[in-house]
There are 2 protein chains.
Amino acid sequence: MSTVQDSDMQNQSTATPLDAANIPLTERLFDALQRAIVEGEIPQGSKISEPELARQHGVSRGSLREAMARLEVRKLVERKPNLGARVVTLSYEQLIEIFQLREALEGMAARLAAQNMTEIEIEELQKLLDQHGEQIAEQHGQAYFQKQGDLDFHYRIVQGSKNKQLIELLCNDLYHLLRMYRYQFGMRSKRSQQAYEEHQYLINAISARDPEMAELLMRQHIRSSRRNVEAVFLEKL
Amino acid sequence: MSTVQDSDMQNQSTATPLDAANIPLTERLFDALQRAIVEGEIPQGSKISEPELARQHGVSRGSLREAMARLEVRKLVERKPNLGARVVTLSYEQLIEIFQLREALEGMAARLAAQNMTEIEIEELQKLLDQHGEQIAEQHGQAYFQKQGDLDFHYRIVQGSKNKQLIELLCNDLYHLLRMYRYQFGMRSKRSQQAYEEHQYLINAISARDPEMAELLMRQHIRSSRRNVEAVFLEKL
DNA sequence: TTTCACTAAAGTGTCGACACTTTAAGAAAT
DNA sequence: ATTTCTTAAAGTGTCGACACTTTAGTGAAA
């Protein structure tokens, strides 16, 4: 699949009018690699050979290197001089650390959301949650949709904080690492009912414009989630 | 200033045996550029010409580009396809956002520090604070040392959290942005006495192993600091 | 004199090449 | 047969070159 005969179609044929839409190659490459790593297509801890990976994607090493530099800052790969790059290795300890980060950051996000979300945004958030409620009632919780729904919910609250730094940090940096954990260890929740209720309380607090309460609830919610993960892990050993 | 005649001393003379100590060129370049941007040597908002900057530092564009890609992820430069890169422009709004981030993150750091710092680390933190106290008493607060001292103090507490993610995030990402603000707007504190006292309370809480209180105090401390900045800004207009 | 088109200069995106470092394989010696 | 030395293969660090895009400058037309 996609072996050698591609060398003529991207060089200078100009026959690629709309394939790239001006988005630089490095950027597309970065996104592709990020996805591949997050979803485990490139397994964690595996060594990355620049020439090989570049050939696979049909790009030069220079472009790939630029993408790698960015992945390194995002903590998805680790590089050691002259020794090359490896995909990061996930660990239980790191996961716990990430939960602590999330507790602090999303707690603040909830606080700010209670101050800054528009009424319309709150309404839509409620609608989203109602949908989740239905799904839980019908099928007993299709893990995937649950997870996706949970992510959506948190995502919107972060957006609602209106703090650009916070949004960037959570949605662009931490988010991907977290997704990587979700993909690599199965991490199904089995507390969707409880999560649903906690989400509802949270909306109530935001709707009442109570920042203090919103932060408190969000932090509790994330702590619960962490305890669940801890439990799942312990029973795995 | 620093014009053309530098082109011979760094090219390929091999007469630089111990200057690099195996640290990749790109990395040193990244550090150098980061410093230059933070300290305002390259002014905020200014456009960056890759060929020129590369020539100034005596490196190839490829190496420079790699460093730029990393600076972009760190939010110190912004790049638009085909239009080039500019140093970020600082704004009052962004500064406030950063303070909100710090409140959340350093609050958590203080909480964890109360749990995880060793007795020895706490002792040394106390010593550091005592030094600050003396400096404040003697000279009336040499703005520079004050600032540096404040940074040191916060830095150690973050380290004391023992949360690698948190440390990375605060010390490698936010830290530089914050320093940039300190350099660019003068931001002298004029509340060194109060800050000193708040620091002391914080140590007490950590020493008493009271995470709740430590987080509370740290958050209050950072909020005060933010209010001070707000005041300074308002009187500037 | 002002505006618009056209050309030249500068800049960015991407590639291939070369030197040096590390890893691996194979040969020689014990 | 095992260990060590030697050498080749692979990989990384860095550079210079070229095509395409944007910007700036110049001259013609109104």
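Numbered from 1 within each chain, the chains take letters A, B, ... in sequence-line order.
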Participant: For A:Lys47, look at atom NZ and say whether over 12 heavy atoms of other residues, nucleotides or ligands are found less than 6.0 Å away.
Facilitator: yes

Participant: Quick one: which of C:dG11, C:dT14, D:dC15 gets closest to the side chain of B:Ser63?
Facilitator: D:dC15

Participant: Roughly, in whole Å, what's the span from CG in B:Leu64 to C1' in C:dT12?
Facilitator: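 Going from B:Leu64 (CG) to C:dT12 (C1'), I get 12 Å.
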
Participant: Nearest-Å distance, CZ (A:Arg61) to C1' (D:dG16)?
Facilitator: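 Taking atom C1' of D:dG16 as the reference, CZ of A:Arg61 is at 15 Å.
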
Participant: Just call it for A:Ile48: base, sugar-phosphate, or nothing, with non-hydrogen atoms closer than 4.0 Å on any strand.
Facilitator: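 It contacts sugar-phosphate atoms only.
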
Participant: Would one find a side-chain N or O of B:Ser49 under 4.0 angstrom from OP1 or OP2 of C:dG11?
Facilitator: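 Looking at the OP1 and OP2 atoms of C:dG11, one of them is under 4.0 Å from a side-chain N or O of B:Ser49.
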
Participant: List in numerical order all residues of residues 75-87 of chain B for which some heavy atom is under 4.0 Å away from an atom belonging to DNA chain D.
Facilitator: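 Heavy-atom cutoff 4.0 Å gives B:Asn82, B:Leu83.
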
Participant: Rounded to whole Å, how long is the line connecting atom CE of B:Met68 with atom C1' of D:dT14?
Facilitator: 18 Å

Participant: Please confirm whether the ring centroid of B:Phe185 lies under 6.0 Å from the ring centroid of B:Phe233.
Facilitator: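 Ring-ring flag for B:Phe185/B:Phe233: true, centres closer than 6.0 Å.
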
Participant: Go nucleotide by nucleotide along DNA chain C from the 5' end; which of B:Glu50 and A:Ser60 gets its closest nucleotide reached first?
Facilitator: B:Glu50

Participant: Within this structure, what is the CG-to-P distance between B:Leu25 and C:dC20, rounded to whole angstrom?
Facilitator: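 These atoms are roughly 15 Å apart.
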
Participant: Do B:Lys162 and B:Glu121 sit within salt-bridge range, that is, some charged N less than 4.0 Å from a carboxylate O?
Facilitator: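 The answer is yes: the pair qualifies as a salt bridge.
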
Participant: Can you find a side chain N or O atom of B:Lys47 that sits less than 4.0 Å from OP1 or OP2 on D:dT23?
Facilitator: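 Result: no.
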
Participant: Under the criterion side-chain hydrogen bond (donor to acceptor under 3.5 Å, both in side chains), which of B:His221, B:Arg219, B:Arg226 is the partner of B:Glu103?
Facilitator: B:Arg219

Participant: Nearest-Å distance, CD (B:Glu66) to P (C:dT12)?
Facilitator: 17 Å

Participant: Check the distance between C:dG16's C1' and A:Arg55's CZ and give it to me in whole angstrom.
Facilitator: 16 Å

Participant: Would you kindly give the CG-to-P distance between A:Leu53 and D:dT12, to the nearest whole Å?
Facilitator: 10 Å

Participant: Whole Å only: how far is the CD atom of B:Glu52 from the C1' atom of C:dT12?
Facilitator: 15 Å

Participant: Taking the six-membered ring of B:Phe30, is the NZ or CZ of B:Arg70 close enough (under 6.0 Å from the centre) and on axis enough (within 45°)?
Facilitator: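 Pair B:Arg70/B:Phe30 counts as cation-pi.
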
Participant: May I ask you to decide if B:Gln165's main-chain N or O and A:Glu97's side chain share a donor-acceptor pair within less than 3.5 Å?
Facilitator: yes

Participant: Does a side chain donor of either A:His132 or A:Asp150 reach within less than 3.5 Å of an acceptor in the other side chain?
Facilitator: no

